Amino acid sequence: MSKYEMLVAKAKQAYQNEDLEKAAMYYEEAFLEEVHLDDLLHLGAIYLDLKKYNRAIKIFKDIISVQDENFLAYYGLASCYNEMGRTLDAINAFKEAIRVKPDYSDAYFGIALLLDYQEDPNCEYYYLKTLEYENDHFWANANLGSFYEKKGEYDLALKYSLKAYEINKDERLICYNLGVIYAKLKQYDKALKYYLEEINKENPYINVFLNIGLLYKDIYKDYEKAKYYYLMGIAKDKEHINLWYNLGCLYALMHDDENAYNCLWYACIKDFNIREFLSQDPELKEFREKTIYQKLLQEIGG
């Protein structure tokens with residue numbers, strides 16, 4: 001075994017041991033002997049993981065200067081630009097990867113995600129291209145479902161969200177998204193089914209507790225269950241102001257004025273903007289006619 005091979009073997013072992021700094025050191029030492037582009041590509045990926053983006057960019061560009069058709073180097077370059085917030089450069093690098101490898105689903109998804117973050121509707125095209133080459137791409141399906149839900153195209157939203165659910169029903173958010181879609185379709189029992197699946201996950205999306213509470217309050221008129229889920233959500237995130245505010249409104253509807261006062265006071269203290277809703281919210285109409293409401297206004301400086 002040559003010195004180069006021994007050093008590369010040490011680099012790969014260090015990488016497996018998750019000692020990225022040592023892996024990079026062995027690779028750098030190996031490249032003083034000779035350079036193999038596959039190993040150099042791996043070093044670029046290591047520097048990317050180490051957040052040494054300028055070093056990684058130089059390596060990926062060096063590879064491209066020798067192998068203009070190396071789609072992985074373009075993808076690595078795009079990943080660096082993405083981490084640095086250089087969105088346009090990232091998109092262009094992803095497009096170069098696609099130029100070389102037209103069926104490269106990860107590059108299409110990379111562009112889709114960046115456009116989606118910017119609320120650019122062209123993300124739809126790139127999500128669909130991702131699925132053209134990788135039909136079981138969970139996040140392309142899930143994100144496309146959310147995209148169509150925001151546009152009010154609920155049939156398409158369901159199609160892609162249900163596909164994502166089929167791929168991995170245990171992934172965070174997918175059940176929440178399905179609950180939102182079914183609620184907008186006024187299929188409340190199905191919405192509740194998926195919301196309840198979401199809360200049983202290890203790290204449920206916190207807004208699911210708010211949405212379940214709203215379903216029980218507004219649709220099923222079961223105030224006790226609504227209260228139960230609001231409180232369950234607050235137990236998981238005591239800083240979730242919308243849960244506190246909606247719980248306060250619920251207490252007002254239940255004529256539990258003291259608890260309504262306490263929850264609304266806390267919400268207003270935590271978020272000044274909440275005060276705007278107090279004078280307009282129809283659920284607080286009766287509460288506003290009581291002395292305790294005036295006390296609340298005095299306390300929060302309203």
Side-chain angles (χ1 to χ4, degrees), residues 116-117 119 121 123-124 127 131 138-254 260 263-264 267 271 273-274 276-277 280-285:
D116 203 354
Y117 287 151
E119 299 185 350
C123 67
E124 177 187 13
Y127 281 136
L131 295 177
F138 173 83
W139 285 111
N141 278 290
N143 291 357
L144 203 49
S146 294
F147 173 80
Y148 288 125
E149 180 266 317
K150 290 173 186 173
K151 290 181 66 180
E153 298 181 26
Y154 300 127
D155 288 343
L156 285 172
L158 269 182
K159 173 185 173 181
Y160 291 102
S161 295
L162 286 170
K163 177 63 177 177
Y165 180 83
E166 176 189 320
I167 295 166
N168 185 3
K169 67 179 182 179
D170 295 323
E171 183 62 64
R172 184 174 182 263
L173 270 175
I174 188 57
C175 288
Y176 173 82
N177 290 347
L178 281 165
V180 169
I181 296 166
Y182 278 119
K184 289 188 174 180
L185 288 169
K186 302 187 187 310
Q187 297 183 38
Y188 300 117
D189 290 349
K190 286 186 177 179
L192 183 59
K193 169 189 178 297
Y194 285 105
Y195 284 148
L196 292 174
E197 279 193 49
E198 179 72 21
I199 68 169
N200 286 321
K201 294 180 181 176
E202 185 176 346
N203 183 29
Y205 183 51
I206 194 65
N207 278 352
V208 73
F209 297 98
L210 177 64
N211 287 14
I212 294 176
L214 290 171
L215 268 184
Y216 275 116
K217 174 175 68 69
D218 296 334
I219 304 303
Y220 299 116
K221 305 301 180 183
D222 188 333
Y223 290 173
E224 286 299 328
K225 280 192 176 178
K227 181 175 72 171
Y228 173 80
Y229 286 105
Y230 286 149
L231 289 170
M232 185 184 290
I234 288 170
K236 289 183 175 292
D237 182 0
K238 292 182 173 56
E239 299 302 312
H240 197 292
I241 304 308
N242 282 336
L243 282 169
W244 283 104
Y245 178 80
N246 279 276
L247 179 59
C249 291
L250 179 65
Y251 278 130
L253 291 173
M254 297 171 74
C263 292
L264 293 172
D271 184 351
N273 295 322
I274 290 289
E276 298 176 19
F277 299 104
Q280 303 171 25
D281 197 320
E283 292 183 344
L284 297 176
K285 182 176 182 300

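On a predicted model such as this, the values are computed, not experimentally measured, just so you know. Both backbone and side-chain heavy atoms feed into the values below; hydrogens, waters and symmetry mates do not.
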**Q** Not counting sequence neighbours, list each pair that qualifies as a salt bridge (Lys or Arg N to Asp or Glu O under 4.0 Å) and has a residue in residues 219-234.
**A**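 Found E224-K227.
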
**Q** Please give me the minimum heavy-atom distance between G248 and A260, naming the atom from each residue.
**A**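 Scanning both residues completely, I find the closest heavy atoms to be O-CB, 3.4 Å.
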
**Q** Nearest 0.5 angstrom please: N141 CG to L162 CG, how far?
**A**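 Separation between the atoms: 10.0 Å.
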
**Q** Take Y165 and Y194 through the test side-chain contact (heavy atoms from CB on, under 4.5 Å) and record every step on the way to the result.
**A** CA-CA 10 Å; Y165 180 83; Y194 285 105; 3.8 Å; yes

**Q** Are there over 12 heavy-atom neighbours, none belonging to F138, within less than 6.0 Å of that residue's CZ?
**A**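 Yes, enclosed.
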
**Q** For the atom pair CG (L243) and NZ (K236), what is the distance rounded to the nearest 0.5 Å?
**A**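 Output value for this atom pair is 12.0 Å.
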
**Q** Among residues at least two apart in sequence or on other chains, which ones pass salt bridge (charged side-chain N to carboxylate O under 4.0 Å, His left out) with E197?
**A**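 For E197 the salt bridge (charged side-chain N to carboxylate O under 4.0 Å, His left out) partners, ignoring immediate neighbours, are K193.
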
**Q** Could you tell me if Y245 and D271 have a donor-acceptor pair between their side chains, going purely by distance under 3.5 Å?
**A**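 There is no such pair (donor and acceptor under 3.5 Å, judged by atom type) between the side chains of D271 and Y245.
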
**Q** Taking salt bridge (charged side-chain N to carboxylate O under 4.0 Å, His left out) as the test, write out the residues that go with K238, two or more places apart.
**A**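 Per chain and number, K238 pairs via salt bridge (charged side-chain N to carboxylate O under 4.0 Å, His left out) with no residue.
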
**Q** Would you check, one step at a time, whether the test side-chain contact (heavy atoms from CB on, under 4.5 Å) holds for I174 with N168?
**A** CA-CA 9 Å; I174 188 57; N168 185 3; over 6 Å; no

**Q** Any idea which heavy atoms bring Y229 and G213 closest together, and the distance?
**A**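 Distance-wise, the nearest heavy atoms are CB-N, 4.3 Å.
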
**Q** Testing N242, L210, I212 for side chain to side chain contact (heavy atoms under 4.5 Å, CB included) with Y230, which one passes?
**A**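 Answer after filtering N242, L210, I212: L210.
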
**Q** Report the C-alpha distance between L131 and Y160 in whole Å, list the side-chain angles of each, state the deciding distance to 0.1 Å, and finish with yes or no for side-chain contact (heavy atoms from CB on, under 4.5 Å).
**A** CA-CA 10 Å; L131 295 177; Y160 291 102; 3.7 Å; yes

**Q** I need the Y195 OH to L215 CG distance, nearest 0.5 Å.
**A**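 The CG atom of L215 is 6.0 Å from OH of Y195, to the nearest 0.5 Å.
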
**Q** Give the minimum heavy-atom separation between N177 and S146, together with the two atoms involved.
**A**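 Between these two residues, the closest heavy atoms are ND2-OG, 3.3 Å.
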
